[in-house]
Every structure is written in structure tokens, then in C-alpha cells.
Colleague: 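The structure under discussion is supplied below as C-alpha cells; questions concerning it will follow.
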Amino acid sequence: MDTHQPGTDFTDGPNMINAYFACVNANGGVNGHPLKLYVELDQTQPSQIAADAKQLIQSDHVVAIDGVFDLLECTLDASYWKQLGIYEMDAGIAPECWAGPNSAAVNMGPRYSSDGAVQYALNSVHASKIVFVQSNVPGTGYIAAGPAAIAAASHVPITELTENVPITDANSVALKLVDEAGSNGAVVLNFTPPEALVILQAAQKLGVEDRVKSWGCSTPCDTDFLAKALGPKWNHKLFVNAEATDADDHNGPEMQLYKAILAKYGSDVAGGIGSFSQFGFLLAKFLVQALDTVKGPYTMKSVNAAIVGIKDYKSEMLCQPWTYGKLALHIPNNADYTVTPENGKMITVQGCTGISNADPQIAQYRKVATAAGVNYAP
Amino acid sequence: MAPVLLTGALFPSWQDFQPFLVTGLALGGVYALSGVGMVVLYRATGVLYLAFGAVGAFGALVAWQMVNQWGWNQWLAYAAGVAVAALLTLAYGMVFGSALAARDSLVKATATLGLTLGLLGVMDLLWTSSGGESRSINLPTDNHGFTVGQINVTTTQVICLAVGLAITLGTGAFLRYTKLGTAMRAMANDREITATLGVPIRRVEAAAWLGCGVLAGIAGILLADLVALDATTLTFIVISSVAAALIAQLRSVPITFLAALVIGVVDAAIESSPSQTFSNYHDMTPFVLAAAALLVINRRRVISISREGI
């Protein structure tokens, strides 16, 4: 289930999963079984999303829910999956993607990614004030609580702002952010790439990009599209939290496989190399690995037992091994990178760094993970 | 004392507001350009062209495609983008404009919503936003400007205001002093009588549609630079221009211009508010100003009810 509406298009995720499945099927499937992905696209209508979930189970008879890239799905279907004993794998947005027993995400999501961006501004740039700004949509309080806790732990003041999207007066927004942050402060954005781009470009056009110590952004800004569009003025000026290994910087066997599958089977992946397709690759790969462990017939029960049993699956794209497990909440991706634009590409400036326990949600996850024997060390 | 405190809490000081005034005037200039285009078309054809923003967005995206994907010269591509917007508008006007000429204004306006939605779908298909794709138009004039005190003013911002003013003055003179302009004004009064007087109404309408399309194309490219090159944003930003046109009761070109500037500046003032809660309401500016203006304008109007055919 994936959000697909004007301005918000997450279809690169499922399209990449389809590409991976096509590759697996071309090589004989999983234990001789071909894989089929059912994709339901929605326009953030709760009734549509709930109906899609029921259709997938009752009409399509799917045995697993994998590859959810959706603004609302985790919130709406959490109790349904729990009731059915389904362990969803996603790259989510909604808080419930990380806060419940039946959902685990390969991504970090807006809250923890914003934590990472604020952390970098505090610890590496040594900003004396943080201005954290995000879309004025429901759920922003949950996201802002993370950066607020991180800044409070460092005894640095933080101003939290929201902006209506789409942004219709980016110049005024950029001026306001710069005025608020001051010369020793940092502005941290949590927006989709188009919205972040208009703010950053407005700051550049007004010549105010150097009036703050640094600019930061959560993961969505980690795209070469943004780096190219911004140009060299933002080299080492904008620091973006990256939830997955930068595909330009790394070229290990797994990254080569990702690129090869993308090239051969991923013609529908419009954005090409990028975090959405990387997350799609990981969700497909982890599922296939889990399916490979199933003994006997592939039923909803056996497949979900294999999914929840995922433990220490390693990937070049993530900082730490990925584990599902029967936990009260799941934040298996809780360490990340920081990248910055350099000549039209994003390059890594900081390697794997754990998100601070100052965020109470992260602290809680690590507590339950430690108790369950989960390895989360970067 | 209370009003002073309220002002301080809701609005920034004059010094803090000055940079926002520049951005507000620049945006207001483009709103004016769009509003004038809509007023002229309405006066000539009776159509409130709600697809103005979508057509401008389409032209801007075509220009972006030409520059970034096909390697065209920037200015040539922008001219082509304007031409595409103009031709799209002309084509719509020729096909649907005359077919709906006898229908109610509401029907005509609603029909343009069909074009809006169709174009939105096409743009979403051709210029997808999946995988974090983001596009932008940066006019060469962005790199030039001057500083007034602490305020940076880009040449693009000056152009936006200047083009808005020039189009307003030019359109006013055109409607008043040219044959075509006179014909458009006559059609606004009565299409049928104008036709019986020998005015080639199809040709006059075509000129109005084409002119409106050219303005939509110019506004689309300026707004793509000033705001964002995003189909949805550009499609719906037209609301501010519609509000300006409504304040001018879809008749007066100079009032449309002034109303658009006021909307741009008030929007920027609210955006710059020290109060986060108040600031988040800045998008309501065009609606509130249009509603307030219409209430004031209609305050002394006598409502007359007639019963025909009895």
C-alpha cells in the first residue's frame, strides 16, 4: 500500500520491490515459488486504505504485507494486522510504523531522521540555536518531540515552526527562518525534496544562506536531484541526515546488485538510484531471505513467523543489522549517516552515528531490544 | 495599550518587516499579472478562467524540460513555454469557449476546472515526483540585484513588480484606445448586440484567449522561479489572483492590480508574524480580503427581485 497523489509519490518503493521480485522469479523464484506483489495505491483517504487492507487479505489472499510506503497506513491498519497475526514490513511515515509490535521499518522516519539532523548541527557544527521547521500537518508534534529532546539534552534552545504546504511564499519563509536562527544558529528542515528545495533556493536568491551557521535536513533531502538543483553554493553548507548508505559513495557487492537489478528490471523506478528504491530493495531482499527459511507450505502463519523471526540481517545499506523480533516497538534502523552536497552529488561527511538516547522513544526501543538480546550497535 | 501589545505580538516591527515587504510586492506583482489576465478574459468572454494556474504550470514545466532535458537555450525555452501556455488556452477557447458561450458564467467557470484537473493529471504523469524528484527554474536575473540597507532585492523581484505594473497599464490603454480593446469592452456588455454591429466576435474572443494564455505562461515561469516549479502549487496559487479579480468585481484592471499587491503584502506580513499560530493562517489572506471587500462593496447595493413571465 503506497501513497500516490499529486505532490506525494512513493511508487518508486513498490516498483523497486517488483524489480527485485522479477529478478528472483527469473532465477527460479523462492524454493521454486514465483513471487507476486499486489500494489494498492491510495490518495490518503482512510476509508480507501482500510478497504485496501481487507481486499488484500480477503480477496487477494496475500500471505505477507511488505513494502508499505504510505502516509497513513500504519496508523489505520495496526490493529487489523495485530488481529490477524501479520508482521508488516514497511518504509513508513506515520508514528505507528515504529511504535507497535506488528510493524518494523527499514527506514528511520521523519522523527528520528530529524533527530539525526539536529544532532549533527549540535555536535559537529556546534550551533548555539536550532530552528526546526516542518510541514503544518497532523502529527508534527510527535516528530518535533524528538529534536526538542535532543536539543534540551544539549542545553541548546530550539524553536519549532510549521509551514503550510505547498509553500507559496518561500522567500518570506527563508527570511523568517534565518532571522529566527541568527548567525550562530542552524536551520533544520523536515520537508519533502520539492518543499525543501524552494526554501533553500529562496535563501540563496535572497543572499541569506550564509547568515546562519548551517542548514540541515532530514532524509528526504538526500537526493542527487536536490544536490544538482542547489548548485555549489550549498557544498558543505547543508547537512542531510541519511538513513541508508549513499549509493554514490559505496560500491560493495550488495550495492552493485541493487544497481544491476535497477538497471535490468527497474524501468518503472522513475527516480532511479535513491533512498526510496534502496528501501524497496531492502524490503524485498529481507522478505526473500525470510521466505527462504520457511519449511513446508507458504501460509500466512508460516510466512509471518519467518518475518518476525528476522534477526541480524546484514546490509551494506544500513548502519546496523536489521532485526524484527517480538518486541513492543521496533526502531531497528537507529543509526545513520550525514551527507552534504558536493558538485551535484551527495557525499558522506559523517559515518554511522547512533541517534541519541535523549529521544525517549529511542531509549525505550534500546531498552526492550537489549532485554530481547537484539544487537543494535552500529 | 492593548492594541499596541496586540500589534507587537502579531506583527513584526517595521525594520523586521522591510525584507518581507519586498517579497510581498514581488509576489503581488505576479498575482496582479495573473489577475489582469483573468479580468480581461472575463470581460471579453464571460469566462472566469480557473485553469490559469495549471496552464502556466504546464508552460513552465515544458520550459524546464527544454532547458534541462533537451539542452535548449534558456530564453528560447521560456518563450516556448509561454507559447505552449498561450496555444493551450487558445485551443480551449476555440473548442469550448464558443460552445459554452450561451451558458451561465458558473457553467463556463466550472468547465475550466475540467481543463485544470486534466492538466494536473498530465503533469503528474509526465513530471512525476517519485523518488524525491524536484525541479526548479532559476532565471538568470536571480543572480543580479542590489541591496537597500539590510535588504537584498533580486532583479527577478523587480521584474515581477514591473511586469505586473506594465501589464496593468498596457492592458488599460489597450482596452481604452484600440479597436480590439473597444470590441472586447463591447462584448462584455452584450455579446449578441456586438455581433449584430458587425464585430467579428470569434476573432475578438480568440485574441482575448490568446492574450490570457500569454499572461498565464509569463506568470507560470515567474512563479516557478519565485515560488516553486511544482504542478500542484502553481495550479492553486491562482486563488490569490482570483481573489484580486473578485475584489475588482471582475471589471477594473487598476483595482485588480492594487488588490493583488495588497494580498501579496498582507500575506507576507502575516507570514513574518512573531506568532506562529497567526503566521500559519497566512494562506487565508486572499479569501479573507476578498470576502471583506465583497461585503463592503455590496453593503449599499439594493437587491431587486423581479418576477418575469407572470
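Protein chains get the first letters and strands the later ones, always in sequence-line order, with residue 1 at the start of each. Just the heavy atoms: all of them, side chains too, but no hydrogens, waters or symmetry mates, feed the values below.
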Colleague: If I measure from the heavy atoms of chain A, does Ile137(B) come under 4.5 Å with its side chain, its backbone, both, or neither?
Modeller: backbone
Colleague: Side chain, backbone, both or neither: which part of Asp225(B) has a heavy atom under 4.5 Å from chain A?
Modeller: both
Colleague: Measure Glu271(B) against the heavy atoms of chain A and call it side chain, backbone, both or neither at under 4.5 Å.
Modeller: both
Colleague: What pairs with Lys237(A) under salt bridge (Lys or Arg N to Asp or Glu O under 4.0 Å), at least two apart in sequence or on another chain?
Modeller: Asp210(A)
Colleague: Would you check if there is a donor-acceptor pair between the side chains of Ser273(B) and Lys176(A) at a distance under 3.5 Å?
Modeller: no
Colleague: Can you say whether Asn136(A) sits under 4.5 Å from chain B via the side chain, the backbone, both, or neither, judging by heavy atoms?
Modeller: side chain
Colleague: To check you understand the geometry: which heavy-atom pair defines the closest contact between Asn138(B) and Ala229(A), and what is its length?
Modeller: ND2-O, 4.4 Å
Colleague: So which of Thr159(A), Leu175(A), Asp179(A), Asp222(A) has the largest heavy-atom pair count under 4.5 angstrom toward chain B?
Modeller: Leu175(A)
Colleague: Measuring heavy-atom distances to chain B, does Gln204(A) have an atom under 4.5 Å in its side chain, in its backbone, in both, or in neither?
Modeller: neither
Colleague: Sort out for me which residue in Asp169(A), Val165(A), Thr168(A) forms a side-chain contact (heavy atoms from CB on, under 4.5 Å) with Asp283(B).
Modeller: Thr168(A)
Colleague: Which region of Ala231(B), side chain (C-beta onward) or backbone (N, CA, C, O), has a non-hydrogen atom less than 4.5 Å from a non-hydrogen atom of chain A, or is it both or neither?
Modeller: neither
Colleague: Determine the minimum heavy-atom distance between Leu206(A) and Thr23(B), stating which atoms define it.
Modeller: CD2-CG2, 4.5 Å
Colleague: Thr154(B) versus chain A, heavy atoms under 4.5 Å apart: side chain, backbone, both or neither?
Modeller: side chain
